[in-house]
Amino acid sequence: MRLSLFLGFLLAGLALFAAGLSLIWTPYDVTQLAVTQKLRPPSAAHWLGTDHLGRDMFSMIMVGARTSIAVALVAVGIGMGIGVPLGLAAAADRGGWLDEIIMRANDLIFAFPSLVIAILITAALGPSAVNAIIAIGIFNIPVFARVTRGSALPIWTLDYIRAARVAGKGMARISLQHVLPNIANVLIVQATIQFSLGILAEAGLSYVGLGAQPPTPSWGRMLAEAQTMASLAPHVAIVPGLAILLTVLGLNLLGDGLRDALDPRLRGAR
Amino acid sequence: MIEARKLTVTHREQVLLHRVSLKLTPGKITGLVGESGSGKSLTALAMIGLLPPGMSVEGMIDMQGRNLVGLPESVLAGIRGKRISMIFQEPMTALNPLMSIGEQVAEALHLHEGLDHKTALARARERLDRVGLTAPRFPLSLYPHELSGGQRQRVAIALAISRRPDLLIADEPTTALDVTTQAQILDLLRGLVRDEGMALLFITHDLAVVASLADEVAVMQRGAIVEQGPTEPLFRAPQHSYTRDLLAAARSMPRLILSAPSPALLEVEAVSRSYGLGRSRQTGPTPRIKAVDRVSLTIHEGEAVGLVGESGCGKSTLTRLILGLDMPEGGTIRLAGQNIRAGRKIPAALRARMQVVFQDPFGSFDPRWTVERLVAEPFHLTGRPRDWRERVAEALYDVGITGDALRRHIHEFSGGQRQRIALARALIIRPSLIVLDEAVSALDLRVRTQVLELLARLRVRHKLSYLFISHDLSVVRQVTDRVLIMRQGQIVESGPTARVMDAPEHSYTRELLAATLQIPDKYVG
Amino acid sequence: MTFAQAFALHGFTESGPEFSLAAMGHYLLRRLIALGLSLAVATAVIFGVVELVPGDPASYMLGTGAQPETLAALREQLGLNQPWPLRYASWLAGILHGDLGHSFTYKTPIAGMILERLQVSLPLALLALALAVLVAFPVGMIAAARRGRASDTMLMGASQIGVSLPNFWFAMLLVLLFAVHLRLLPAGGFPGWGQPISALKSLLLPAVALALPQAAILARVLRSALVEALGQDYIRTARAKGLTQGQALRRHALRNALIPVLTIMGMQFSFLLAGAIIIENVFYLPGLGRMIFQAINQRDLIVVQSAVLVLVAAVILVTFLVDLGYAAIDPRLRRK
């Protein structure tokens, strides 16, 4: 299981590094078209070949990583920023009307898969990366609210919470001082998982044209553009897919590894 | 005859059981006693072949000339249930919640005895009748959640004896039960051993249970049996120093300090609280039970009052009301003459006069805080004084925690140390009343005695009042001046502890006292 | 989310000892009320979002170069001259009568279009779900039974890759292999149910593409639920009465593990639906998803609004079915 943590750090770190590096340097300029160079297979000049417009795939993948990671990261931020406080409030009020309202609202959002939210937003406001962020972010809210509430509820039954109440502390103070630190592990693991799901969702949305718009490179749209050319030049279809697969796999392994490393029940066993 | 000989269990070079030998005779009850972590349960699991993976066994389990150690799992599965059976401590989780009790008892009969489904169910019926769950009140179609803890333990027994095993192992089977239920289950087990002629290995931490039940006793300490023999001689003249320590702790009695008459500190008058049953989201009226029903009580300054009752009697709800964690529906609670209203509305200065110590030494502390911060938490009520660090150190010293405890986390302390730290936290703002909610119930015998002695000392030193809540009459007898007996939300009897124990007036008090086991006087050497 | 938590979310509390049909009816009734309420709120949300369109729906649908007369006519047709509560009410009334309005592009009744498209989308989702379950259960059970050993590590490693696989990319690879290279299956299109064999053939690759990532998720969930169940006291009881590991797993752990598994399967259905929208685009299948995208491109808001409603209603309905499933598994919900 140490292996999964290591591999996870490696793969996810690689994607982050590529995204960061692309801000200052890429092998080729991705806005530069070179139609004469189109659909070249991988070579020394173009490590991952070129696409149908002659752009360097390696550079496209690097810049695409930026889009994917930015969209997924902000969407996780939205989900945590709104979902965690809601979950904490619901758990503090367990069984009360606030809890009931929050959880029913969550159930309702769960009925709208992120793609459906994206479709609705796109239908109303047109496609863009920002709308993709909003759609994935909205979908993340009930996930974090549920996980927060679910892991906070058993904490609230513990005696140290009662001791804090006997020490005169209110619900909000107890939530922040005692509950949140003790569920942080679970939230970190969940954030990793939602981050990976966000990258998959962003790729799917861009693939069907509901995400980032040209000329912003994105892995999903690279695949959409490759579809008709896949039989002529398989690398244009394989490379972006592999980029998605390895990044998501890295984040999933990281989440798994973190869960094992942070789980106090497993800690003693090693 | 089943015999364990020089049974040694190791886990990664760590010796967990060391050369344990036990002889189990048909028709006899052998008690295996020891404190938590002494290896009692491990011995049982080794005998039935259900040790957690990764542990290795040496030695011999001799079952009529056949050594069970090292047999393949498939053979062992055929022996379990048929020759050796086992019941466990926690009846609430021991049964599959999704399967009817009849199916669960019949399952092994059907799978392993080759009985057809109908015959197996008929046999299950007969076995359930035998353990006191008779038709038609207890049909086979009942599910575990429809039964009480005691009834579930009976189902577990029926299931264990369904194939008439030669040996039944019972691992703390009554520890999670109320005293009156415990007495019934012990009667049942005694009768089963007599009627069916099986051997019973009874594992417990409770010397009184062993004294009243077992023919033979084995005492375990740190993975080894230190002393064994027939019950009465062993209790009369223990040979090993550890056994002597245990017995001394069981018989110890802190000095009672009867308080002189003094003004009332806590006055509870006709307080009630009821709860809806079942799911909170149900529409329509839900049946309500009166958890606390017009209860009145008074605690005077410097007085120690016991509150005794079985699970579900309302003592936890009453505690929550007194602590201001829950709102009473009627009646008044006054502390030092001022009304207590639930929630944050209690003035900090008033709240600071009352603190609490809970049962669970593990759940009572935030695992992420240092001891210093934990003990200082009640300063939230009074404001943190400039010399707060000295105050924390002083409070810890008071309860016997010395050294560099301040910067450490709670997992570095033992159960007994944790309860001392909990006391330090309660004492830090110098309250008048400390509510002790089953505060020593989770502790091993010797540690419990030490904490009880500490409580008695602190009470004198700081002129404290105690509200001592417990299910255990013998503990309450040791440390309280007055006792209240609670049942079904009401106080059914109250009075000076010695009077209530020696001459109970209410029938329920008498019932409780009768069910409370004690080491018989004749066993005292 | 750990699966203990998933279970705790449903926080079943204990109830008293008497059996009553009324209690079962009560549970059903509560679930039905919840179903109705969710559907009602969902219509409001969808209606609200479409109301957010900049300008008004009519000018949005016609674009900038529209004639004033056409615009006015469309406004009249859509009832935009009426206040919104009235429009919402008449939309709802239409839905209750099975009338979802007419497509602006094709001038045909939307209800009919959706029914026709469902004949592709529904079999696809069901086929994918069946495939996912068929793969996931053996994998999850074997991994749980052999937990900690090499075969468990291998199966879970493979499932980790499955979970990380973008299904539309997997679909493209399947097409490359089975349609382009091996020429075994069609690369796309749908011949209609008039030719059942070739219709099934054209659904096979899309279903596999949809099913595999979901099977990986389900297998992982099943494994952890089983491992969790195997650690419970009742398993020890079952072992002590003579059941083997395998018997305890099949007869006791599996049934208890089904509760969290059912929860996840319910959620998965919504992912399958969403996934189907994308997969239909890879395979040019004339399903609900393709219809929605065509409608978005044609700015046919009436179709988008109704098709989204159908999708959301399907998810809510599945949630209801999952609730019924809980009651079938768990006696604590059936009795009171």
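In the text below, chain A, chain B and the rest are named by the order of the sequence lines, each starting its count at 1.
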What distance do C:L165 atom CG and A:L245 atom CG have between them, rounded to the nearest 0.5 Å? 5.5 Å
Top contributor to chain C interface from A:L251, A:L223, A:I199 [non-hydrogen pairs under 4.5 Å]: A:L223
Comparing C:L311, C:I161, C:V304, C:V180 against chain A, the one with the most heavy-atom pairs below 4.5 Å turns out to be C:I161
Taking the side chain as every heavy atom from C-beta outward, state whether C:V49 and A:I117 have any atom pair closer than 4.5 Å. no
So, the part of C:L173 with a heavy atom under 4.5 Å from chain A: the answer is side chain
Report the distance from atom CG of A:L120 to atom CD1 of C:I296, rounding to the nearest 0.5 Å. 8.5 Å
Taking the side chain as everything from C-beta on, heavy atoms only, tell me whether C:I46 gets closer than 4.5 Å to A:F112. yes
Indicate the atoms forming the closest heavy-atom contact of C:S38 with A:L108, along with that distance. O-CD1, 3.8 Å
If I compare all heavy atoms of C:Q160 with all of A:L253, which pair ends up nearest, and what's the gap? CG-CD2, 3.7 Å
Main-chain N/O of C:V282 paired to A:Q227 side chain as donor or acceptor, under 3.5 Å: yes
I'd like to verify something: which residue of A:D107, A:L242, A:L246 has the highest number of heavy-atom pairs under 4.5 Å with chain C? A:L242
Under 4.5 Å to a heavy atom of chain C? For A:L210 that would be side chain
Highest number of heavy-atom pairs under 4.5 Å with chain A: which of C:S164, C:G157, C:A42? C:S164
Atom group of A:I238 that falls short of 4.5 Å from chain C, counting heavy atoms: both
Atom pair CG/CG of C:N167 and A:L200 - distance to nearest 0.5 Å: 8.0 Å
Any donor-acceptor N/O pair, C:W169 side chain to A:P240 backbone, under 3.5 Å: no
Honestly, the part of A:F144 sitting under 4.5 Å from a heavy atom of chain C is neither
Ranked by heavy-atom pairs below 4.5 Å to chain A, first place among C:T319, C:V308, C:N281, C:I316 goes to C:V308
